[in-house]
Amino acid sequence: MARFIFITGGVVSSLGKGLASAALGALLQARGFTVRLRKLDPYLNVDPGTMSPYEHGEVFVTDDGAETDLDLGHYERFTGVAARATDSISSGRVYSNVLEKERRGDYLGKTIQVIPHVTDEIKDFIRIGEDEVDFMLCEIGGTVGDIEGLPFFEAIRQFSQEKPRGQCIFMHLTLLPYIKASGELKTKPTQHSVKELRSIGLAPDILVCRSEGPIPGKEREKLALFCNVRPEAVVAAQDLKSIYEAPLAYHREGLDQAVLDAFGINPAPRPNLARWEDVVDRIHNTDGEVRVAIVGKYTQLEDAYKSIAEALTHGGMANRVKVRVDWVDAEIFDREDAAPHLERFNAILVPGGFGERGTEGKIKAAQFAREKGIPYLGICLGMQMAVIEATRNMTDLPTARSEEFAGDIDPREFTPVVYHLKEWIKGNAKVTRRKEDDKGGTMRLGAYDAVLKEQSRVAEVYGTTVIEERHRHRYEVDIRFREQLEEKGLLFSGMSPDGRLPEIVEVRDHPWFIGVQFHPELKSKPFAPHPLFRDFVRAAKEQSRLV
Ligand code: GLN
């Protein structure tokens with residue numbers, strides 16, 4: 001049965017709790033243990049699927065089709081363990097389950113209360129799959145003291161009481177602010193945060209303290225004394241140049257040892273950190289730089305394209321180049337010519353997106369890349385825009401557009417090259433969708449197979465002709481235009497197994513131009529860069545040597 005590590009945060013948010021959890025998962029793996037990571041989010045949305053990227057950063061999609069928190073992306077990138085729908089839960093989901101049961105009469109007329117009904121629901125969730133791994137790491141979103149978080153804190157308190165002694169530990173992440181004027185690291189906010197935790201019955205076993213510099217012995221002892229942890233269990237988390245240094249940095253600071261000590265696992269298996277040493281070596285020992293433009297909508301907010309930025313970094317690591325990403329607002333091209341904005345880049349990426357804003361700009365970016373021979377990767381909406389561009393300009397059908405952006409346009413006035421799909425096959429079953437289901441969780445979501453054409457560029461890049469990738473979209477490229485487009489040089493090189501849905505397109509006579517209907521970025525890892533990102537960056541590197 002799994003041992004449980006509950007990770008909470010205090011003082012302020014954005015301290016890198018997700019990263020600390022992911023790095024700890026990687027370190028436990030390095031010692032030969034199996035792990036699963038989980039996120040418990042106090043917000044009231046049922047899932048992040050309908051939240052704006054401004055609110056919550058990117059939506060991370062799992063193989064089994066759940067729209068989850070971007071922290072699950074960190075977990076996967078660090079551990080390689082594919083996240084599942086059951087690894088992400090919010091207060092909204094918990095309450096909606098409880099209310100559903102109440103309406104069904106499952107509670108047999110009882111009064112429904114936060115304790116025990118809501119906390120029971122949370123505990124049931126934490127238990128899912130507990131027999132499958134050695135360690136289950138559960139991160140609680142938000143910071144201690146948040147009103148919404150209380151049922152989760154109470155649930156993990158109960159949970160640890162119900163388990164045999166020594167099976168659950170608590171790790172608390174806080175901030176040690178540095179006061180420049182006096183040259184001191186302050187421990188008081190951490191003391192208060194731990195006091196807050198203890199007032200709700202939780203005593204941390206390990207303190208992970210974010211600080212700008214190392215924690216001097218005096219402060220470490222003070223923290224240990226006032227927060228009731230062992231001095232070795234006060235772990236420093238200093239700022240790092242790259243997030244991928246986190247496993248080695250936490251190992252040097254003794255995090256994994258402190259965790260094994262807290263569980264009384266003695267002797268601790270020795271870690272094999274070769275994977276992370278190689279990753280760090282690839283980040284720091286690079287030969288040159290490539291510049292990639294991401295032409296999108298949420299360009300002020302890097303978290304909106306988190307996995308893409310990471311996958312590009314992985315592609316850079318595979319090619320030993322630094323990838324410098326510039327975010328270009330697609331709307332600029334509504335007014336201005338694309339060339340002066342895009343000329344200096346070695347590659348262009350148009351990411352996924354929803355809504356019409358910026359789409360004509362993305363089409364111009366695709367056209368620029370196609371005509372100028374600049375490597376182009378179009379992801380989801382980025383593929384749809386590339387197909388519209390090609391239909392308009394290669395096959396001379398200027399009215400080509402997506403049904404998503406047709407608005408009130410008379411259907412006779414435009415050609416829907418990308419249309420709203422209402423019915424498709426998943427495994428052996430048919431999935432149907434109605435107009436009124438439109439918002440939230442009603443898309444083609446999760447893992448689907450694609451079959452690649454022999455001898456296409458993508459088959460070469462993947463090194464196989466059957467792939468499985470994650471999807472999140474409502475609209476599909478229409479195969480009615482396939483023949484005309486292929487004749488002009490836009491090949492449909494990847495299709496759904498039934499041959500109905502285009503999954504990949506590529507431009508024949510071009511250094512590197514690929515559009516994919518799925519999200520390859522979600523499966524890329526630093527120690528196993530996704531083949532498309534690996535080869536895209538290779539093409540960018542080649543392009544950079546030409547100029
Ligand atoms: N808006 C498009 C669709 O729903 C693309 C979605 C995406 O890029 N993830 O099909």
Side-chain angles (χ1 to χ4, degrees), residues 47-54 56-63 65-68 70 73 294-299 301 303-309 311 327 330-331 348-363 365-366 376-389 391 400-407 416-424 426 431 433-435 437-448 450 469-479 481 494 496 500-505 514-524 532:
D47 65 40
T50 51
M51 277 157 108
S52 149
Y54 285 122
H56 202 257
E58 127 189 312
V59 171
F60 190 82
V61 180
T62 59
D63 280 332
E67 298 178 280
T68 69
L70 57 77
I294 298 189
V295 181
K297 191 162 67 163
Y298 302 104
T299 48
L301 190 77
D303 268 0
Y305 304 117
K306 187 77 196 154
S307 293
I308 292 183
W327 310 87
E331 276 181 290
I348 295 170
L349 189 153
V350 175
F354 295 84
E356 184 168 14
R357 195 155 62 79
T359 48
E360 286 301 318
K362 291 175 184 177
I363 290 173
Y376 175 92
L377 176 58
I379 294 178
C380 207
L381 186 67
M383 156 167 156
Q384 297 173 356
M385 296 302 107
V387 173
I388 291 172
E389 189 281 311
T391 321
R401 45 166 65 238
S402 167
E403 267 188 1
E404 184 176 4
F405 315 123
V417 175
V418 178
Y419 67 102
H420 190 179
L421 183 76
K422 307 267 177 14
E423 206 176 272
W424 66 89
K426 174 143 196 158
V431 184
R433 182 172 44 207
R434 295 161 308 151
K435 183 92 186 121
D437 301 328
D438 248 358
K439 295 275 173 334
T442 56
M443 290 181 269
R444 192 148 86 91
L445 276 170
Y448 285 85
E469 294 279 6
R470 295 183 194 165
H471 292 244
R472 180 175 185 248
H473 58 110
R474 293 193 177 86
Y475 295 83
E476 300 283 346
V477 168
D478 200 327
I479 45 172
F481 304 92
S496 60
R500 279 179 61 209
L501 307 174
E503 293 278 5
I504 306 178
V505 297
I514 293 176
V516 292
Q517 188 56 76
F518 46 81
H519 291 273
E521 72 275 18
L522 302 179
K523 286 176 67 163
S524 188
L532 281 171

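Note that these values count all heavy atoms, side chains included, but never hydrogens, waters or copies made by symmetry. Indexing begins at 1, ligand by ligand and atom by atom, following the structure's order.
Near R474, the atoms of ligand 1 lying under 4.0 angstrom from a non-hydrogen atom of the residue are 3 (C), 4 (O), 10 (O). In the vicinity of H519, heavy-atom distances shorter than 4.0 Å reach the ligand 1 atoms 9 (N). Heavy-atom contacts of E404 reach the following atoms of ligand 1: 1 (N), 2 (C), 3 (C) (cutoff under 4.0 Å).
Polar contact with ligand 1: present for Y475 (N/O pair, distance under 3.5 Å). Residue-to-ligand polar distances keep C380 apart from ligand 1: every N/O pair is separated by 3.5 Å or more.
Closest non-hydrogen pair, S496 versus E503, comes out as N-CG, 3.6 Å.
Taking the side chain as every heavy atom from C-beta outward, H471 and F518 approach each other to under 4.5 Å. Here the side chains of T359 and I388 are not in contact, with every heavy-atom distance at 4.5 Å or above.
A salt bridge is defined here as a Lys NZ or Arg NE, NH1 or NH2 lying under 4.0 Å from an Asp or Glu carboxylate O, and E404 with R474 fails to meet this definition.
Considering only non-hydrogen protein atoms, atom 9 (N) of ligand 1 sits nearest to R472 O, 2.9 Å.
Of the listed options G378, G382, G353, G353 places a heavy atom closest to atom 8 (O) of ligand 1.
Relative orientation of the W327 and Y305 rings is parallel, given thresholds of 30° and 60° on the angle between their planes.
Here Q384 has side-chain heavy atoms under 4.0 Å from ligand 1, and that is the only part of it that gets that close.
When atom types are taken as modelled, the side chain of H519 and the backbone of E521 share no donor-acceptor pair closer than 3.5 angstrom.
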